[in-house]
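Have a look at the structure below before the remarks.
Naming: A, B, ... by sequence-line order, numbering from 1 per chain. These figures come from a predicted structure and were not determined experimentally.
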Amino acid sequence: MRRSISLIPQRVSPIIRFSFPQRCVPFTTIQKLILPEDNYESTTSQHYAASSPCFLLLSKCTNIDSLRKAHGLLTGNGLMDDLSCATKLVSLYGSIGYTKDARLVFDQIPKPDFYSCKVMLGCYVLNKESLEVINFYGFEWKHGYNDIVFSKALKACTELQDLENGEKIHCQIFKVASPDNIVLTGLLDMYAKCGDVKSAHRVFEELTLRNVVSWTSMIAGYVKNDLQREGLCLFNRMREESVSGNEVTYGVLVTACTKLGALHQGKWFHGCLIKSGIELSSCLVTSLLDMYVKCGDINNARRVFSEHSHVDLVMWTAMIVGLTHNGRANEALSLFQRMKGVGIKANCVTIASVLPGCGLVGNLELGRSIHGLSIKVGLWDTNVANALVHMYAKCCQNRDARYVFEMESEKDLVAWNSIISGFSQNGSVHEALFLFHLMNSESSVTPNGVTVASLFSACASLGSLAIGSSLHAYSLKLGFLASSSVHVGTALLDFYAKCGDAESARAVFDTIEEKNTITWSAMIGGYGKQGDTKGSVELFEEMLKREQKPTESTFTSILSACSHTGMVDEGKKYFSSMYKDYNFTPSTKHYTCMIDMLARAGELEQALDVIEKMPIQPDVRCFAAFLHGCGMHSRFDLGEVVIKKMLDLHPDDASYYVLVCNLYASDGRWSQAKEVRNLMKQRGLSKIAGHSMMESEFSAIG
DNA sequence: CTAGGGTTAG
């Protein structure tokens with residue numbers, strides 16, 4: 001059928017016929033809007049007479065200008081009383097993002113029907129205005145419900161994390177309808193995302209028909225709420241019921257492995273994916289990449305990264321974050337530079353991910369330039385600001401940290417924690433404590449476990465038993481330890497251990513339910529610090545028995561414990577076990593322990609042998625340990641051999657000269673010590689004397 | 001109706 005302007009007078013258009021000429025609307029305007037003859041059919045609504053000229057006019061409007069023009073035209077001619085026109089207008093405004101205009105039109109409809117209400121709701125849904133969806137649903141909905149309306153309303157609750165309204169909708173669903181599978185899956189998803197896994201599971205169990213989507217949704221719900229093991233169990237059940245997973249399912253499972261640190265299991269899922277021939281979407285590739293890199297399997301991460309043809313921003317970011325988490329911040333930073341070189345533009349997430357790396361390696365220059373960049377291109381949100389605060393603090397730029405912090409209009413919990421933890425770590429312990437005081441007195445933000453964990457480590461470096469133990473009492477009162485969080489517990493344990501109170505440390509250790517390697521290592525180190533090598537060794541053996549995997553730093557703790565009490569044989573055993581059984585490459589720290597251990601025990605030839613044969617460059621601590629041993633055992637002959645070598649290697653570093661001075665002084669050779677001091681002066685070197693601190697006043701533990 | 005990367009803690 002030919003539909004053109006010539007048909008209009010013959011169709012149902014008394015209004016047009018009478019009103020347009022009367023109001024002197026230039027006919028050409030409408031002509032221009034309506035004229036194209038193509039695609040008329042495709043823009044018709046099933047609900048309204050396609051022939052309505054108003055509708056015809058509107059169906060040609062594709063941008064805000066033409067729509068506003070048409071809107072004015074219709075209003076001016078009193079055509080807005082027509083329900084179909086008004087509804088179409090609502091839908092069009094909504095489709096191009098003008099929900100406020102849509103609502104204005106909707107509110108002028110004298111008697112909106114079910115369809116027009118649905119269209120209005122659809123506008124909010126389309127533009128992800130979840131709050132409006134809920135408001136509209138709650139207050140204006142008078143026209144009955146159907147599954148689609150329920151689904152949309154539930155989705156809005158999910159996005160808003162609005163469990164309360166979600167529960168109300170749940171009640172309504174069963175009052176008025178027998179919902180279909182899609183509504184029920186939406187309901188399950190709402191509960192899961194709002195953190196109510198129990199209700200989600202109840203809905204899931206009551207489902208008569210479980211498909212991939214409902215299984216996946218339930219598994220994802222578990223994983224989102226940190227119940228990875230339950231998620232994996234459910235996957236087994238799913239397989240028993242012969243439902244096979246799709247790419248979404250595997251994505252969720254891989255994420256579960258990442259959270260568990262279960263590299264082996266994750267690899268197995270990767271294998272399943274390859275075998276099943278499921279195509280790897282970017283989401284899935286990112287999950288795999290994230291899993292490998294966060295589990296420390298950098299090689300496989302790199303393989304996934306380089307084998308994927310379109311590496312997008314999210315993948316780059318995942319890789320940067322993973323490297324940083326694995327103590328490879330420098331590689332992360334160079335990856336960030338490479339990403340810019342490839343022409344991929346960072347967003348807020350990337351910025352917030354790179355900054356911790358800058359703080360970790362103390363790359364203030366890059367940190368500052370990122371700060372500048374994010375201001376210049378407007379990449380700014382709370383997370384970026386918080387990351388900047390922490391970066392500046394880590395780089396000892398307290399003023400800058402404080403500046404960015406003060407500039408934040410709404411300081412959230414993370415903002416306070418960022419500055420407090422940053423100051424705690426850079427040695428500005430009193431500033432950290434002062435900010436904690438401000439946080440309590442001048443903000444509405446309540447501290448959490450992260451806050452006190454930071455402060456515990458601050459107290460540890462201050463050696464302040466008094467402040468630390470009152471903070472312990474405070475934490476008990478506020479319940480930060482009741483949930484037996486590993487983080488807080490380990491920080492507290494470490495605090496007592498570093499203050500030399502191994503007994504209290506052990507008491508805390510025993511209350512931590514889910515101990516991890518860091519917990520064990522801290523306790524092993526705690527015994528060592530107190531000279532209780534037996535305690536260290538026993539705990540280390542127990543750790544192995546419980547199948548807790550030691551890390552490099554666990555070996556540092558145990559080796560240093562052995563060195564304190566001269567347990568040379570045990571030390572040698574653990575050192576060789578470290579690289580033979582656990583495949584760890586010994587670091588300078590490990591070598592230092594060995595040198596210290598041998599030197600204290602008087603095995604100075606062996607110690608010298610270690611220095612000469614170690615595959616990495618010995619640092620100042622290695623030499624210090626050796627020279628200390630030389631002093632202890634009056635082997636100045638060996639000492640002088642090393643001194644010469646050492647000063648040749650590091651002629652400009654004052655700390656090495658100090659070692660030499662100390663050695664001469666320990667033998668009472670003051671004149672030679674003075675000579676070295678003079679040599680330092682000549683070369684323009686100076687060193688601030690180091691000091692250690694320990695509070696002598698002890699108070700009861702709260 | 002289900003799926004990817006982020007800031008603070010040991």
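- On a pure distance criterion of 3.5 Å, a polar donor-acceptor pair joins the side chain of Thr317(A) and the base of dG5(B).
- Residue Leu184(A) contributes atom CG, which lies 14 Å from atom P of dC1(B) at whole-angstrom precision.
- Relative to the side chain of Ala352(A), the nucleotides dG5(B), dG6(B), dG10(B) differ in distance, and dG6(B) lies closest.
- Comparing dG5(B), dG6(B), dT2(B) by their closest approach to the side chain of Lys155(A) singles out dT2(B).
- Picking from dG10(B), dG4(B), dT2(B) the nucleotide with the shortest atom distance to the side chain of Ala491(A) gives dG10(B).
- One distance of note links CG of Leu366(A) with SG of Cys358(A); it measures 4.0 Å at 0.5 Å rounding.
- Counted by atom type alone, Ser428(A) and Asn398(A) present one or more donor-acceptor pairs between their side chains at under 3.5 Å.
- On a pure distance criterion of 3.5 Å, a polar donor-acceptor pair joins the side chain of Asn347(A) and the base of dG5(B).
- As judged by a 4.0 angstrom heavy-atom cut-off over every strand, Glu408(A) is placed among residues making no nucleic acid contact.
- Side-chain atoms of Val486(A) lie closest to dG10(B) of the nucleotides dT7(B), dG10(B), dA3(B).
- Ser353(A) and Thr350(A) form no side-chain donor-acceptor contact under 3.5 Å, judged by distance and modelled atom types alone.
- When the nucleotides dG10(B), dG6(B), dT8(B) are ranked by their closest atom to the side chain of Asn417(A), dT8(B) comes out on top.
- No side-chain donor-acceptor contact under 3.5 Å links Ser282(A) and His310(A).
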Verify ring-ring contact (aromatic ring centres under 6.0 Å, His included) between Trp416(A) and Phe436(A), making sure each step is shown before the conclusion. CA-CA 8 Å; Trp416(A) 284 99; Phe436(A) 178 60; 9.6 Å; no
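- Counting to the nearest Å, the P atom of dG4(B) and the CG atom of Leu253(A) are 12 Å from each other.
- Residue Asn246(A) places its side chain closer to dT2(B) than to any other of dT2(B), dG10(B), dG6(B).
- Checking dG6(B), dA9(B), dT2(B) against the side-chain heavy atoms of His390(A) singles out dA9(B) as nearest.
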Anything under 3.5 Å between a donor and an acceptor, one on a side chain of residues 218-225 of chain A, the other on a protein residue two or more places apart or in another chain? List them.
residue	atom	partner	partner atom	Å
Asn225(A)	ND2	Ala192(A)	O	2.9
Asn225(A)	ND2	Gly221(A)	O	2.8

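- Among the heavy atoms of the strands lying under 4.0 Å from Lys193(A) are primed sugar atoms or P, OP1, OP2 only; no base atom is included.
- Among dG4(B), dG10(B), dT7(B), the nucleotide with an atom closest to any side-chain atom of Met315(A) is dG4(B).
- Residue Val414(A) is in base contact, counting any heavy-atom pair closer than 4.0 Å across all strands shown.
- Of all nucleotides listed (dT2(B), dT7(B), dG5(B)), dG5(B) comes nearest to the side chain of Leu313(A).
- Atom pair Leu355(A):CG and dG5(B):P shows a separation of 19 Å (rounding to whole Å applied).
- Scanning residues 279-297 of chain A for heavy-atom distances under 4.0 Å to DNA chain B yields Ser281(A), Ser282(A), Cys283(A), Thr286(A), Ser287(A), Asp290(A), Lys294(A).
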Start with the C-alpha distance between Arg506(A) and Tyr527(A), add both sets of side-chain angles, then the distance that settles side chain to side chain donor-acceptor pair (under 3.5 Å), and finish with yes or no. CA-CA 9 Å; Arg506(A) 180 61 194 239; Tyr527(A) 281 128; 3.3 Å; yes
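- Of the listed residues (Val321(A), Leu289(A), Ile344(A)), just one forms a side-chain contact (heavy atoms from CB on, under 4.5 Å) with Trp316(A), and that residue is Ile344(A).
- If you measure from atom CG of Leu323(A) to atom P of dG6(B), you get 13 Å, rounded to the nearest angstrom.
- Nearest nucleotide to the side chain of Val213(A), out of dG5(B), dC1(B), dG6(B): dC1(B).
- Following rounding to the nearest Å, Met339(A) (CE) and dG6(B) (C1') show an atom-to-atom distance of 13 Å.
- As judged by a 4.0 angstrom heavy-atom cut-off over every strand, Thr451(A) is placed among residues making no nucleic acid contact.
- Comment: Arg402(A) engages Glu406(A) in a salt bridge, judged by a side-chain N to carboxylate O separation of less than 4.0 angstrom.
- In this structure, His487(A) reaches the bases: a heavy-atom distance under 4.0 Å links it to at least one base atom across the strands shown.
- Using a 4.0 Å cut-off on heavy atoms, the residues of residues 377-385 of chain A that approach DNA chain B are Asp381(A), Asn383(A), listed by number.
- When heavy atoms are screened at a 4.0 angstrom cut-off, Asp312(A) is found touching base atoms of the nucleic acid.
- Interatomic distance, Lys267(A) NZ to Cys272(A) SG, rounded to the nearest 0.5 Å: 14.5 Å.
- Look at Gln425(A) and you'll find a side-chain N or O under 4.0 angstrom from OP1 or OP2 of dG10(B).
- Checking Asn516(A) against Thr519(A) by side-chain atom types alone, a donor-acceptor pair falls below 3.5 Å.
- Spacing between atom CE of Met218(A) and atom P of dA3(B) amounts to 13 Å, rounded to whole angstrom units.
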